[in-house]
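Worksheet: one structure, shown below.
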Amino acid sequence: MRQQYKTDENPAPQYDHKVRMQMRNSLTLDGDTVHELMHSDTPYVVRIKMPENETVSFNDMIRGEVSFNTSVVDDKVLLKADGMPTYHLAVVVDDHLMEISHAFRGEEWLPSAPVHILLWKYLFGEDKMPQWAHFPLILGPHGKLSKRDGAKYGFPVFAMNWKDPKTGELTEGFKEKGFLPEAFINLLAVLGWNDGTEQELFSIGEMIERFSMDRVHSAGAKFDYEKARWFNQEWIRKLDAAALSSKVRNVLAANGIEVTDAALLNKVIDLVKDRCTLLTDFYEQSSYFFATPQAVDLAAIQPKWNEAKTLFFQEVIRNYQLSAIWEAHDLENNFKEIAAANQLKPGEVMLPLRIMLVGGKFGPGVFDIAQLIGKEETIKRIENTLKRLTAGH
RNA sequence: GCCGCGUUGGUCAAGGGGUUAAGACGCAUCCCUUUCACGGAUGAAUCACGGGUUCGAUUCCCGUACGCGGUACCA
């Protein structure tokens with residue numbers, strides 16, 4: 001039938017009052033035939049018969065009054081030929097049985113609202129009908145965010161990893177990407193809602209307290225991954241080391257670093273968390289606290305290396321070997337004194353020290369790092385790098 | 001095609017007849033920092049269009065355009 005009525009003007013013909021009397025159904029067949037057909041093996045479906053020219057209107061909590069003319073909504077199938085109900089019948093019955101007071105769903109359901117409302121009236125009367133709200137859609141770069149598109153936008157669309165049962169294709173979720181649940185919920189909540197103030201960061205408790213339906217937008221919101229990352233960064237900063245530790249531990253473990261010292265881990269987290277946007281960033285931001293860096297950016301210091309610096313670092317090693325207390329502040333003072341004594345500006349040797357300890361040009365204060373990795377490891381890293389720097393000379 | 005819902009900077013958005021039209025993300029420049037971040041300052045950038053209504057529309061009304069959604073014996 002679809003084919004028969006399909007035209008260029010109307011690519012999606014409806015089964016409605018205009019065509020139903022031309023179809024072979026219980027309306028056009030006589031009672032006996034219908035009865036006979038139903039009791040033989042002839043497959044059939046049950047449809048809702050939409051009234052011909054009535055207006056169905058309802059009050060949507062987000063959009064206000066919404067109305068449809070029943071002439072343009074089709075006779076939806078309620079019971080399929082295999083005996084299973086369609087969603088349209090199922091939601092209405094289910095919501096009724098569960099005594100649902102508020103039916104909130106996405107805007108993509110708005111066009112089928114008249115079917116559900118009429119069905120509800122026919123089946124259960126109007127008094128216990130839930131209040132309706134159709135939330136704005138979350139849009140991707142090209143329309144509604146959908147499963148099918150998977151990771152093609154370059155950002156996750158699922159809360160957690162999702163494996164397509166048909167193709168076996170794995171789509172990385174927000175969780176695995178390194179998002180905190182606090183951040184994920186927060187960023188979703190403010191996509192289409194705000195509390196009227198300038199606040200954007202909300203804990204779950206605050207959201208429960210502040211959320212109100214009349215501040216929900218009716219227009220769809222395009223998802224901005226950069227802003228999503230910002231929310232996560234803010235939440236990493238907001239949470240303390242204790243709240244972060246088990247997640248960071250997992251990130252490190254996934255990269256082959258088993259943390260045995262919980263106190264050390266917490267100190268490291270406090271030191272580097274300002275530099276992390278995703279939880280996964282904790283690996284590169286903190287691996288050098290737990291393992292000697294493999295890749296050392298010698299190129300950053302080699303060109304300006306000279307004999308004086310070699311002598312300087314050898315003196316630093318001697319000095320550090322003798323120091324009884326191992327505390328960032330003292331290490332820094334000693335380092336600077338030795339530099340002055342060698343006619344070197346601190347700036348000339350600070351970066352080399354960082355490269356030696358960290359491997360690259362990043363990370364928190366270099367003496368804080370030295371303090372945490374300890375005397376033995378600090379000296380070892382300086383010695384090793386020194387060897388490589390002077391190997392050619 | 002038809003039906004519905006929308007439209008304030010690139011994105012999220014406040015506001016709602018008279019405003020220098022908030023703020024955030026991102027971007028740019030600068031400051032701070034002997035690294036990278038954080039932070040601070042400054043800047044560029046917005047009311048889709050056309051008609052009404054009005055002394056006055058970004059705001060109210062109507063059209064148009066555009067976007068999105070729906071149009072399955074899917075949900």
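Because the structure is a prediction, the values reported are computed rather than measured. The sequence lines fix the lettering, A, B, ..., with proteins before strands; numbering per chain opens at 1.
For the strand RNA chain B, secondary-structure stems (runs of at least three Watson-Crick or G-U pairs, all distances below 3.5 Å) span B:1-7 with B:65-71, B:10-12 with B:23-25, B:27-31 with B:39-43, B:48-52 with B:60-64.
Side-chain contact check for A/T42 and A/S40: at least one donor-acceptor pair (N or O, by modelled atom type) lies under 3.5 Å.
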Point to revise | Stepwise salt bridge (charged side-chain N to carboxylate O under 4.0 Å, His left out) check, A/K380 with A/E377 | key: CA-CA 5 Å; A/K380 193 183 97 189; A/E377 183 67 19; 3.3 Å; yes

Exercise for review: For A/R63 and A/E107, run salt bridge (charged side-chain N to carboxylate O under 4.0 Å, His left out): C-alpha distance rounded to whole Å, both residues' side-chain angles, the deciding distance at 0.1 Å, then the answer.
Suggested key: CA-CA 10 Å; A/R63 291 147 218 281; A/E107 193 188 346; 3.7 Å; yes

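Between B/U46 and B/U8, the two C1' atoms lie 6 Å apart (nearest whole Å).
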Are any protein N/O atoms closer than 3.5 Å to N/O atoms in nucleotides 38-41 of chain B? If there are, list each pair with its distance.
residue	atom	partner	partner atom	Å
B/C38	O2'	A/R237	NH1	2.7

Hey, what are the protein-to-nucleotides 30-34 of chain B N/O distances that come in under 3.5 Å?
residue	atom	partner	partner atom	Å
B/U34	N3	A/G347	N	3.1

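For A/F68, the side-chain atoms get nearest to B/C3 when compared with the rest of B/C68, B/C3, B/C36. For A/R275, whose side chain is taken as the heavy atoms from C-beta onward, the closest listed nucleotide among B/C25, B/A37, B/G69 is B/A37. For A/W230, counting side-chain heavy atoms from C-beta on, the closest listed nucleotide (B/U71, B/G69, B/G26) is B/G26.
Aromatic ring centroids of A/F202 and A/W193 lie under 6.0 Å apart. Within the 6.0 Å centre-distance limit, the rings of A/Y320 and A/W326 are counted as a close aromatic pair.
Base contact: A/V45 has a heavy atom under 4.0 Å from a base atom. Among the atoms of the strands shown, only primed sugar atoms or phosphate atoms (P, OP1, OP2) are found under 4.0 Å from some heavy atom of A/V66. Across all strands shown, A/P364 has heavy atoms under 4.0 Å from base atoms, whether or not it also approaches the sugar-phosphate.
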Could you pull out all donor-acceptor pairs under 3.5 Å where a side-chain atom in residues 240-248 of chain A meets a protein atom, sequence neighbours excluded?
residue	atom	partner	partner atom	Å
A/D240	OD1	A/A242	N	3.3
A/D240	OD1	A/A243	N	3.0
A/S245	OG	A/A242	O	3.2

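Straight-line distance from the CZ atom of A/R354 to the C1' atom of B/A37: 10 Å, rounded to whole Å. A straight line from CD of A/Q14 to C1' of B/A72 spans 12 Å, rounded to a whole angstrom. Taking atom CG of residue A/D75 and atom P of nucleotide B/C73, one finds them 11 Å apart after rounding to whole Å.
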Check your understanding: When you check every protein heavy atom under 4.0 Å of nucleotides 6-16 of chain B, what one-letter string (B, S, -) results, 5' to 3'?
Key -> SS--BBSSSS-

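Because its NZ or CZ atom is both nearer than 6.0 Å to the ring centre of A/Y15 and within 45° of the ring axis, A/R47 counts as a cation-pi partner of that residue.
A heavy atom closer than 4.0 Å to some atom of RNA chain B occurs in no member of residues 93-103 of chain A.
Judged by distance alone, the side chain of A/N342 and the main-chain N or O of A/F313 form no donor-acceptor pair under 3.5 Å.
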